[in-house]
Amino acid sequence: YTVKVEPGANIILQTAGGNIGINAKTGNITIKADKDINLECQNYNLVVKGNMTEDVKGARISDTSSFWELTGSPIDLN
């Protein structure tokens, strides 16, 4: 199915007390925005089953109000 929204319109998915799940069993999920993507949540968990690549064209700023634990293989800062 294809859902098209005309310019100036919004799509809001909301549940009054449940979960919203997106699952692509044999495909990919792509999210693109010409402007910002903002995420606000209680806790954030990300599991990557393969490689993870980040490509940041500008600055990357991390602001943590508690400790930051980073574990794994040695890090090459060069």
Chemist: Using a side-chain heavy atom cutoff under 4.5 Å and only I, L, V, M, F, W and Y, what cluster partners does Y44 have?
Modeler: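 Hydrophobic cluster check, Y44: joined to L39, L46, V48, M52.
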Chemist: Can you establish whether the number of heavy atoms outside I22 located under 6.0 Å from its atom CD1 is more than 12?
Modeler: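 Open.
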Chemist: Return the set of residues passing side-chain hydrogen bond (donor to acceptor under 3.5 Å, both in side chains) with K32 (not counting sequence neighbours), or none when no residue passes.
Modeler: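 So K32 forms no side-chain hydrogen bond (donor to acceptor under 3.5 Å, both in side chains) with any residue.
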Chemist: Does D55 have any side-chain hydrogen bond (donor to acceptor under 3.5 Å, both in side chains) partners at least two apart in sequence or in another chain, and if so, which?
Modeler: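 Counting only residues at least two positions away or on another chain, D55 forms a side-chain hydrogen bond (donor to acceptor under 3.5 Å, both in side chains) with K57.
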Chemist: Measuring from atom CG of N38 to atom CD of E40, what distance do you get when rounded to the nearest 0.5 angstrom?
Modeler: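 Reported to 0.5 Å precision, the distance equals 9.5 Å.
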Chemist: What's the separation between atom CG in N23 and atom CD1 in I29, rounded to the nearest 0.5 Å?
Modeler: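 Taking CG in N23 and CD1 in I29, the distance rounds to 7.0 Å.
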Chemist: Assess whether side-chain contact (heavy atoms from CB on, under 4.5 Å) is satisfied between V5 and N10, documenting all intermediate values.
Modeler: CA-CA 7 Å; V5 179; N10 299 313; over 6 Å; no
Chemist: In terms of hydrophobic clustering (I, L, V, M, F, W, Y; side-chain heavy atoms under 4.5 Å; direct or indirect links), are V3 and I12 co-clustered?
Modeler: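 The answer is no; the residues belong to distinct hydrophobic clusters.
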Chemist: Under 3.5 Å, is there a donor-acceptor pair between the side chain of N19 and the main chain of G21?
Modeler: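 Answer holds: no.
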